[in-house]
Each structure stands twice: as C-alpha cells, then as structure tokens.
Amino acid sequence: MKKSGPPGTYEIIWETVRLIPRGRVASYGQVAVEAGLPGQARLVGYALHALPPSSGVPWHRVINSQGKISFPPGSPAYSRQRLLLQREGIVLEDGKIDMKRYGWLRKMHIR
DNA sequence: AACGTGACAAGGC
DNA sequence: AGCCTTGCCACGT
C-alpha cells in the first residue's frame with residue numbers, strides 16, 4: 001500500500017495481471033514469469049496486496065499453483081474472490097479451479 | 001540498517 | 001495428501 005514502490009515493479013505486475021482475459025485465471029508464478037520476474041511469485045502476491053482500490057486490475061484472476069484461492073477458506077476475502085470468479089463463469093470444484101479449463105495460455109500445470 | 005513477514009512455489013519426507 | 005524447509009525480494013518496524 002501507499003508509497004510509490006520501486007520504479008515500476010508493481011506497475012509491471014499490475015499491467016501483466018490486466019492481460020488475463022475475463023473467464024481465465026493465472027497462478028502467481030505464471031504472472032511473475034510473464035512480467036519478466038521469474039521466480040518471484042511471492043512478489044506478485046505482495047504487489048496485489050498493495051493494489052489500490054478501484055484500480056480495475058482483475059486481481060481475482062490470480063490464484064496459487066494448486067489451483068486454489070490463496071485466502072483462508074471462509075474468510076471475507078475468500079468469498080469475495082470466489083464471487084468475482086463465479087461471475088465470470090469460473091466454478092470451483094472441491095475448492096479448486098480446473099487450470100486445464102480456465103488457465104491463461106495454458107502454459108501452467110506442466111509436469 | 002537488520003529482521004521478520006507475506007494474496008507464492010518447489011522439493012523432501 | 002499434508003507438513004516442513006528453502007529460495008525470493010520489497011516492506012514496515
């Protein structure tokens with residue numbers, strides 16, 4: 001929050017998140033890679049946390065590598081994100097999102 | 001200026 | 001599948 005972080009690190013992450021199409025999701029790790037910051041998934045979470053309200057950035061389309069919402073289940077934030085996702089047609093099955101079906105670029109979930 | 005923390009991730013057990 | 005450890009790096013104390 002507040003403070004113009006380092007010259008552009010957050011902005012770069014935010015802009016990358018803006019690229020995620022409606023109805024799709026991406027993991028923190030993938031956003032980091034797409035933003036040119038490989039291995040810095042944690043920084044993505046920090047940047048989203050610092051996201052100003054009404055920014056228009058689709059933060060809810062970012063979930064963790066397990067296909068889950070990275071908020072404590074049952075918490076207000078969890079419900080908020082789940083609602084926003086459902087409004088885009090993204091349904092959680094057993095608390096998880098099918099990356100194969102909703103994953104952005106589908107580069108994720110390699111194994 | 002050091003230290004602990006966090007909307008993560010991957011690897012070991 | 002679950003828990004712990006390590007790597008990462010910007011932030012607030």
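Sequence lines set the chain letters: A, B, ... in the order given, protein chains first and strands last, and positions in each chain run from 1.
- At least one donor-acceptor pair closer than 3.5 Å links the side chain of A:D98 to the backbone N or O of A:K100.
- Distance from the side chain of A:W59 is smallest for B:dA7 among the nucleotides B:dA9, B:dA7, C:dC8.
- Contact check, A:S65 against B:dA10: a side-chain N or O comes under 4.0 Å of OP1 or OP2.
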- Spell out protein contact along nucleotides 1-7 of chain C as letters: B when the base is contacted, S when just the sugar-phosphate is, - when no protein heavy atom is under 4.0 Å; keep the 5' to 3' order. ------B
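- With distances taken from any side-chain atom of A:Y10 to the nucleotides C:dC9, C:dA10, B:dC8, the minimum falls on C:dA10.
- Residues A:I12 and A:A35 approach most closely at CG2-O, 3.4 Å, considering heavy atoms.
- Nucleic acid contact class of A:L43 (heavy atoms, under 4.0 Å, all strands): sugar-phosphate only.
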Show the atom names and distances, to 0.1 Å, of all donor-acceptor pairs under 3.5 Å that link a side chain in residues 67-75 of chain A to residues at least two apart or in another chain.
{"from": "A:S70", "atom 1": "OG", "to": "A:N64", "atom 2": "ND2", "distance (Å)": "3.1"}
{"from": "A:S75", "atom 1": "OG", "to": "A:P72", "atom 2": "O", "distance (Å)": "2.7"}
{"from": "A:S75", "atom 1": "OG", "to": "A:Y78", "atom 2": "N", "distance (Å)": "3.2"}

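- A:R61 places its CZ atom 20 Å from the P atom of B:dC8, with the value rounded to the nearest Å.
- A salt bridge is absent between A:E11 and A:R18; no separation between the charged side-chain nitrogens and carboxylate oxygens falls under 4.0 Å.
- Note that the CG atom of A:L19 and the CG atom of A:L105 stand 9.0 Å from one another [nearest 0.5 Å].
- Across the protein-nucleic acid pair, A:F71 atom CZ and B:dG6 atom C1' stand 12 Å apart, rounded to whole Å.
- Spacing between atom CD1 of A:I13 and atom C1' of C:dC9 amounts to 10 Å, rounded to whole angstrom units.
- In this structure, A:Y46 does not reach the B:dT5 phosphate: none of its side-chain N or O atoms is under 4.0 Å from OP1 or OP2.
- Rounded to whole Å, atom P of C:dC8 lies 21 Å from atom OH of A:Y28.
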Please list, one pair per line, the donor and acceptor atoms closer than 3.5 Å that link side chains of residues 52-62 of chain A to other protein atoms, with sequence neighbours excluded.
{"from": "A:S55", "atom 1": "OG", "to": "A:P52", "atom 2": "O", "distance (Å)": "3.4"}
{"from": "A:S55", "atom 1": "OG", "to": "A:V57", "atom 2": "N", "distance (Å)": "3.2"}
{"from": "A:H60", "atom 1": "NE2", "to": "A:E88", "atom 2": "OE2", "distance (Å)": "2.8"}
{"from": "A:R61", "atom 1": "NE", "to": "A:E88", "atom 2": "OE1", "distance (Å)": "3.0"}
{"from": "A:R61", "atom 1": "NE", "to": "A:E88", "atom 2": "OE2", "distance (Å)": "3.1"}
{"from": "A:R61", "atom 1": "NH1", "to": "A:I20", "atom 2": "O", "distance (Å)": "2.8"}
{"from": "A:R61", "atom 1": "NH2", "to": "A:E88", "atom 2": "OE2", "distance (Å)": "2.7"}

